[in-house]
Amino acid sequence: MSPDGREVRLALPSRGRMEEETLEFLRECGLEVRKPGPRRYSAIMPGLPFVSVVFQRARDIPRSLSSGDVDLGITGLDSLEEARAGGMFGITVVHEALGFGSCRLALAVPEDWADVRRVTDLPGAPGAGRIATRHPCLAGRFLEAAGLSGFEIVGADGALESAPSVGYADLIADLVSSGETIRENRLKLLEDGVILESEAVLAGCSSSLETNPLVLSTACTMLEYVEARLRGRDKYLVFANMRGCSPDEIAARMSGRAFLGGLQGPTVSRVLGPPGSGWWAVNIVVPSSGLYEAIEELRASGGSGVVVTPVRYVFEERPDRCARLLDFSGRRRR
Ligand code: AMP
């Protein structure tokens, strides 16, 4: 239990773009985080009253999950996989693709290494060079799989991209998002040098999920909101009016049109105007990529007065991930 008496401890990334993107994502999911002050390392979530939030460096979160110091956490897949590659266990992935924090862990060498474009162009002999990284286990494993055993791995904490120009390493393995930092530091990515594709994940302490029903139910509640939000993202709810004799006739006019299928088909309901006016209201869910086409198709089917509003959530059956989590926890308890 956390010092504030809340029973479920959730760790969130404490710095930079991961913190900002995580808080924004949770807010979008309806799981707003309230921090009492910008410098405070704890917070609450009004939507999840049992949860106490602690902020930690993304790469420290796997350790806290493994030790049971926190019950749930959001971190980058890169941090989780690095911890696992280093032998850390007892962490269960609850959702493996939250759709933000996307980046690649990749090898970069100085731009002026003209003959080095691919991993196999790197020297393989002992004493080949020093590689600066915050992911020594993943980078070491990758180099070994590529048959390169001669590199010395140099741990680093600050800005890795400057390591080759400062001189404490020859190349780096770092997270790359836009690639701007790499270019600014006169480095280049190797064509086949991607060690891991990463994004934010929601993970849990396996033993907390197993033994504390409140942790399990919080993980499932978070999953419900997250999945419903990810499903609702990039979708619009479109309303239109149409004249016709019956819902079936309206549906027949819309059928066969590529963008008017909705989730399960259109909903058609009577507009309660003067008797015999024959107006019907149609509503459908449309992906944002096909919004304009859907409006054109509605017009071609006789639709008018089209109103469009963004979708916040689409809740379906209970998520498979929830069922798997409950099953995992039940099996471990038996
Ligand atoms: P960029 O210039 O957009 O390629 O970003 C590179 C810098 O941001 C490097 O210092 C990376 O370590 C850091 N970075 C990029 N993406 C992420 C991420 N998803 N999580 C944490 N750090 C990141």
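- Of all the heavy atoms in A43 and V33, the pair that sits closest is CB-CG1, 3.6 Å.
- Put simply, CG on L72 and CG on L65 are 7.5 Å apart, with the number rounded to the nearest 0.5 Å.
- Comment: E81 engages R84 in a salt bridge, judged by a side-chain N to carboxylate O separation of less than 4.0 angstrom.
- Geometrically, K35 engages F55 in a cation-pi contact, judged by NZ or CZ lying under 6.0 Å from the ring centre and within 45° of the ring axis.
- Neither side chain, R186 nor S165, offers a donor N or O lying under 3.5 Å from an acceptor on the other.
- A salt bridge does not link R130 with E152: none of the charged nitrogens is closer than 4.0 Å to a carboxylate oxygen.
- Dense packing is recorded around CD of E191, with more than 12 heavy atoms of other residues, nucleotides or ligands lying under 6.0 Å away.
- The number of heavy-atom neighbours closer than 6.0 Å to CZ of F50, taken from other residues, nucleotides and ligands shown, is 12 or below.
- Going from atom CZ of R312 over to atom CZ of R229 covers 7.0 Å, rounded to the nearest 0.5 Å.
- E111 has no carboxylate O lying under 4.0 Å from a charged side-chain N of R183, or vice versa, which leaves the two without a salt bridge.
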Would S177 and R17 count as a side chain to side chain donor-acceptor pair (under 3.5 Å) here? Give the steps.
CA-CA 11 Å; S177 171; R17 71 170 90 174; 3.2 Å; yes
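- The local environment of CD in E180 is sparse, with at most 12 non-hydrogen atoms from other residues, nucleotides or ligands closer than 6.0 Å.
- No more than 12 heavy-atom neighbours from other residues, nucleotides or ligands sit within 6.0 angstrom of CZ on R63.
- Donor-acceptor pairing under 3.5 Å is lacking for the side chains of S149 and E144.
- None of I74, L202, L216, V201 except one satisfies the side-chain contact (heavy atoms from CB on, under 4.5 Å) rule with V94; the exception is L202.
- From E199, atom CD reaches atom SG of C103 across 9.5 Å, with rounding to the nearest 0.5 Å.
- No donor-acceptor pair under 3.5 Å is formed between the side chain of R321 and the backbone N or O of H95.
- Looking only at side-chain heavy atoms (C-beta outward), W113 and D115 stay at 4.5 Å or farther from each other.
- At a threshold of 4.5 Å between non-hydrogen side-chain atoms, the residues L138 and L196 count as touching.
- Between the E227 side chain and the L223 main chain, no donor and acceptor come within less than 3.5 Å of each other.
- R253 places a side-chain N or O within 3.5 Å of a backbone atom of S301 that can act as its donor or acceptor partner.
- Ionic pairing of R299 and E296 is present here: one or more N-O contacts between side-chain nitrogen and carboxylate oxygen are shorter than 4.0 angstrom.
- A salt bridge links R233 with E28: the closest approach of a Lys/Arg side-chain nitrogen to an acidic carboxylate oxygen falls below 4.0 angstrom.
- L187 places a side-chain heavy atom less than 4.5 Å from the side chain of E161.
- Across all their heavy atoms, L325 and C220 have their closest contact at CD2-SG, 4.5 Å.
- Taking the charged nitrogens against the carboxylate oxygens, R34 and E32 do have a contact shorter than 4.0 Å, which makes a salt bridge.
- Between the OG atom in S207 and the CG atom in N212 there is a gap of 10.0 Å [rounded to 0.5 Å].
- Considering only heavy atoms from C-beta on, D234 stays 4.5 Å or farther from P287 through its side chain.
- Of all heavy-atom pairs spanning G30 and Y313, the tightest one is CA-OH, 3.3 Å.
- Just one residue in the list T218, T92, D71 forms a side chain to side chain donor-acceptor pair (under 3.5 Å) with S208, and that residue is D71.
- Here CD of E96 is found 11.5 Å from CG of L80. Values are rounded to the nearest 0.5 Å.
- Atom CD1 of I61 is separated from atom CD1 of I91 by 10.5 Å, given to the nearest 0.5 angstrom.
- With hydrogens and angles disregarded, a donor-acceptor distance shorter than 3.5 Å links the side chain of T75 to the backbone of A58.
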Give the C-alpha distance, both sets of side-chain angles, the deciding distance and a yes or no for side-chain contact (heavy atoms from CB on, under 4.5 Å) between Y41 and S14.
CA-CA 8 Å; Y41 281 86; S14 63; 4.0 Å; yes
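- In the hydrophobic clustering, W280 connects to Y236, V238, M242, I250, M254, L260, V268, V282, I284, V286, L291, I295, L298, V306, V308, either directly or through intervening members, whenever side-chain heavy atoms lie under 4.5 Å apart.
- Taking a 6.0 Å sphere around OH of Y292, one finds it holds 12 or fewer heavy atoms contributed by other residues, nucleotides or ligands.
- Counting heavy atoms from C-beta on, the side chains of I153 and T133 come closer than 4.5 Å.
- Side-chain contact between P13 and R57 is absent, with no heavy-atom pair separated by less than 4.5 Å.
- Pairing each heavy atom of A11 with each of Q56, the nearest pair is CB-OE1, 4.1 Å.
- Within the 3.5 Å criterion, the main-chain N or O of F259 finds no donor-acceptor partner in the side chain of E293.
- Taking 4.5 Å as the limit, every side-chain heavy atom of E82 sits out of range of all side-chain heavy atoms of R134.
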Side chain to side chain donor-acceptor pair (under 3.5 Å) evaluation trace for S198 with R104:
CA-CA 6 Å; S198 177; R104 287 159 291 158; over 6 Å; no
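- Across F142 and I195, no two heavy atoms sit closer than the pair CG-CG1, 3.7 Å.
- Counting non-hydrogen atoms of neighbouring residues, nucleotides and ligands closer than 6.0 angstrom, the CZ atom of F315 exceeds 12 such neighbours.
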Stepwise side-chain contact (heavy atoms from CB on, under 4.5 Å) check, L230 with F25:
CA-CA 10 Å; L230 290 176; F25 174 74; 3.9 Å; yes
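- Counting heavy atoms from C-beta on, the side chains of L190 and D121 never come closer than 4.5 Å.
- The shortest heavy-atom contact between A108 and I182 is CB-CD1, 3.6 Å.
- Checking S67 against D69 by side-chain atom types alone, a donor-acceptor pair falls below 3.5 Å.
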